[in-house]
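Naming convention: chains lettered A, B, ... in sequence-line order (proteins, then strands); numbering from 1 in each chain.
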Protein chains: 2
Amino acid sequence: MMARTTIDDVAAAAGVSIKTVSRVLNDEPGVRTETRGRVREAIASLSYRPSLPARSLAGKRSNLIGLVYDNPSANYVFDVQSGAMARCRDAHLRLFIQSCNDLGGETVEEVLAMIDQTHVDGLVVTPPLSSDAALISALEERRLPFVRLAPDDTSRGGPCVIMDDEAAAHDMTEHLLDLGHRRIGFVAGHPEHPSSRLRRQGYQAALDAAGVGENQPIEQGFNDTASGYEAGRRLLSASKRPTAIFASNDDMAAGVVQAAHELGIDVPRQLSVAGFDDSQIAAIVWPALTTIRQPAYEMAFAAAGLLIDLVRDRPAPAVTELAYTLVQRGSTAEAP
Amino acid sequence: MMARTTIDDVAAAAGVSIKTVSRVLNDEPGVRTETRGRVREAIASLSYRPSLPARSLAGKRSNLIGLVYDNPSANYVFDVQSGAMARCRDAHLRLFIQSCNDLGGETVEEVLAMIDQTHVDGLVVTPPLSSDAALISALEERRLPFVRLAPDDTSRGGPCVIMDDEAAAHDMTEHLLDLGHRRIGFVAGHPEHPSSRLRRQGYQAALDAAGVGENQPIEQGFNDTASGYEAGRRLLSASKRPTAIFASNDDMAAGVVQAAHELGIDVPRQLSVAGFDDSQIAAIVWPALTTIRQPAYEMAFAAAGLLIDLVRDRPAPAVTELAYTLVQRGSTAEAP
DNA sequence: TTGTAGGCGTTATCAA
DNA sequence: TTGATAACGCCTACAA
């Protein structure tokens, strides 16, 4: 078990003091170009990798940022993690990932414990935690830099990365209206997710604008396939059956498709189904879902970038909005 | 920005030396029960959380273990992460997650860099990295404890957690034979995943045992839905169409179902489709997939547990095998 | 049963 | 432009 390569080894190899090596490591000025080169060579030839713990202990920064989530959707979490990690890799930072799933009331406590223990320099906060008032307050109190993804309220709490859920839902509803649908059911999303409200507003606004906003059938879902299935059964068993159903996310839309299959209703000929998110399953179910592509990877990539700016005392815009796309697939068609 | 609470604060509050606090923190013997209680109270009332960096710098252990993956399946990665995290939470350890997706040839390099920088005490290595000879050798060379999930070769490289892929595939094939199918197509998994070989062997062995092992149609897939769809098209366009198709994972099975829908072949009445893994999508596609439940969460939970034992110098069994389950859903039925 | 001194690998401070 | 030295918060070794 040989001892690890340390800054002293590099300093010796390059014939300089450890402080100079440290300067090179941190891209600090005040090192002659030639010296810098010599140090860089020594680092490479010894394949020296500075110790994160030592740096965070000694310095103001840990070169570690955190990502927290409390979200059961494998696809969303995976995309978000991937995006944040990619940005961190670019910046030569490490990402510490913390799940708050199944934590009950101890979420805030657990996040604070993680912050204290790991010394993360900042936090990317994903939905629905990004709208958790207790967590946001706690972070502000600690003065820990953080960037939120898709929060309900962008007016406080530092930089946010958002997507226009309302406009997207509006677009999707218009798409269905354009196909001739007039009775368009809606499966609302989980009440705790702020995006649920926005998507429903967009849906309603589009219907109102078309003059058919009254008495449209709306069912509550909880963002999972099972609740989408149940909502679908209810919508499709009603006396005045809708010719289209717009679900607030893909998982629920898949549930609606299941319900239609089971009731012998042909999608899309007798029923159009639209989803939201463009998660992996959107392309896997049959027929593949017309949906809104939410750029989760890109949003997380951007959020990590903003956080890195924040941590390095560079200014970051308060709100960064990324574009969505309406992805047309096989689950929607002209009204029968 | 107040200074963080340190071990000195706790020592002062409890009226003891920092060494005694340290003993309590690490559950070391040699502290009077009453003293221990006083220290615990001080810790709680100050909500003191020991600094991970400081501990890893000073001590032999970092109280941090790593999890590495190189796997594009959101569902699998999510399950594995969740299992390992849950086990770490129980043990008051932190988990550092590292993705090696899209890293090309730099995977080993990147993992070693992570190890050096973070000082992780050990590593949970998931498939297919668990069968990456270069990585395994590098880890052995560093004498870093590690536990592998579902590796191809359990005879070397420390503790492993496995599932009997071959027996599971055998069972599934027998299930199809029991339903009266005699022409059973197979969509083979990604050639780089060791489980692919085992699943195919189980399939073939069951057919051989039933005396119908000759000339069964087999197509190569790559574990994603698109390749499953292509393989399904080929199998279903052949002159002698199979009455059942067994895909080496759920994503590909979903692709086969797509192909069947598109060709107007009714599942399961005209074609039975079976998958493997019981990932989230198995229950989302329609009809829901008959599949093998691979206990990814439990396997990762167990692996993290073994690693913790290893790290704490406790013995760990070389091979831990977890049970699979055949989950029967709507995608398989009697042969037409 | 408890405490003291030294050091882990880095950055910060200040001097040269 | 460079370097010596003192932290950082904790654990190890040893002493009391």
> Rounded to the nearest Å, what distance is computed from the CZ atom of residue B:R4 to the P atom of nucleotide D:dG9?
Replying inline: 7 Å
> For B:V111, which of B:D70, B:L123, B:V125 qualifies under side chain to side chain contact (heavy atoms under 4.5 Å, CB included)?
Replying inline: B:L123
> To the nearest 10 degrees, what angle separates the axes at the start and end of the helix from C:dT1-D:dA16 to C:dA16-D:dT1, five pairs each?
Replying inline: 30°
> Taking CD from A:Q117 and P from D:dG9, how many angstroms apart are they, rounded to a whole number?
Replying inline: 15 Å
> Relative to the 5' end of DNA chain C, which residue comes earlier, A:D8 or B:R32, by the nucleotide with the nearest heavy atom?
Replying inline: B:R32
> Any idea which of C:dG9, C:dT2, C:dG3 is nearest the A:T6 side chain?
Replying inline: C:dG9
> Nearest nucleotide by nearest heavy atom, which residue falls closer to the 5' end of DNA chain C, A:I7 or B:S17?
Replying inline: B:S17
> Which value, rounded to the nearest 0.5 Å, describes the distance between B:I162 atom CD1 and B:S195 atom OG?
Replying inline: 12.0 Å
> Taking everything shown except B:E192 itself, do over 12 heavy atoms lie less than 6.0 Å from its CD?
Replying inline: no
> Rounded to whole angstrom units, what separation is found between the CD atom of B:E34 and the C1' atom of C:dT2?
Replying inline: 13 Å
>> Between C1' on C:dT11 and CG on A:L57, what's the gap in Å once rounded to a whole number?
In response: 10 Å
Would you list the atom pairs, donor with acceptor, under 3.5 Å between side chains in residues 42-53 of chain B and any protein atom, with sequence neighbours excluded?
unit_1: B:S45; atom_1: OG; unit_2: B:E41; atom_2: O; d: 3.4
unit_1: B:S45; atom_1: OG; unit_2: B:A42; atom_2: O; d: 3.3
unit_1: B:R49; atom_1: NE; unit_2: A:D116; atom_2: OD2; d: 3.1
unit_1: B:R49; atom_1: NH1; unit_2: A:E109; atom_2: OE2; d: 3.1
unit_1: B:S51; atom_1: OG; unit_2: A:H119; atom_2: NE2; d: 2.9
unit_1: B:S51; atom_1: OG; unit_2: B:A54; atom_2: N; d: 3.1

> Quick one: A:N63 CG to C:dG9 C1', roughly how many Å, whole number?
Replying inline: 14 Å
>> Does B:T35 reach a base, just sugar-phosphate, or nothing at all? Heavy atoms under 4.0 Å.
In response: sugar-phosphate
> Would you say the side chains of B:N71 and B:S73 form a donor-acceptor pair under 3.5 Å?
Replying inline: no
> Between A:R55 and C:dG9, is there a side-chain N or O to OP1/OP2 distance below 4.0 Å?
Replying inline: no
> Please give, in whole Å, the distance from C:dT11 P to A:D27 CG?
Replying inline: 12 Å
> What residues form a side chain to side chain contact (heavy atoms under 4.5 Å, CB included) with A:R23, not counting sequence neighbours?
Replying inline: A:K19, A:T20, A:E28, A:V31
>> Quick one: does any side-chain atom of A:S137 pair with a main-chain N or O of A:A133 as donor and acceptor, under 3.5 Å?
In response: yes
> Thinking salt bridges, do B:R55 and B:D121 make one under a 4.0 Å N-O criterion?
Replying inline: no
> If only atom types and distance count, is the side chain of A:S131 paired as donor or acceptor with the main-chain N or O of A:D152 below 3.5 Å?
Replying inline: yes
Listing time: all N or O pairs from protein to nucleotides 12-15 of chain C that are below 3.5 Å?
unit_1: C:dA12; atom_1: N7; unit_2: A:K19; atom_2: NZ; d: 3.0

> How far apart are the C-alpha atoms of B:Y69 and B:I97, what are their side-chain angles, what is the distance that settles it, and do they pass the side chain to side chain contact (heavy atoms under 4.5 Å, CB included) test?
Replying inline: CA-CA 8 Å; B:Y69 63 84; B:I97 293 169; 3.7 Å; yes
> For C:dT2, does either OP1 or OP2 sit under 4.0 Å from a side-chain N or O belonging to B:T20?
Replying inline: no
> Atom OH in A:Y297, atom CZ in A:F78: separation rounded to 0.5 Å?
Replying inline: 10.0 Å
>> Which residues in residues 39-53 of chain B have a heavy atom closer than 4.0 Å to any atom of DNA chain D?
In response: B:Y48, B:P50, B:S51
>> Show every salt bridge (charged side-chain N to carboxylate O under 4.0 Å, His left out) that has at least one partner inside residues 79-105 of chain B, sequence neighbours left out.
In response: A:E110-B:R94
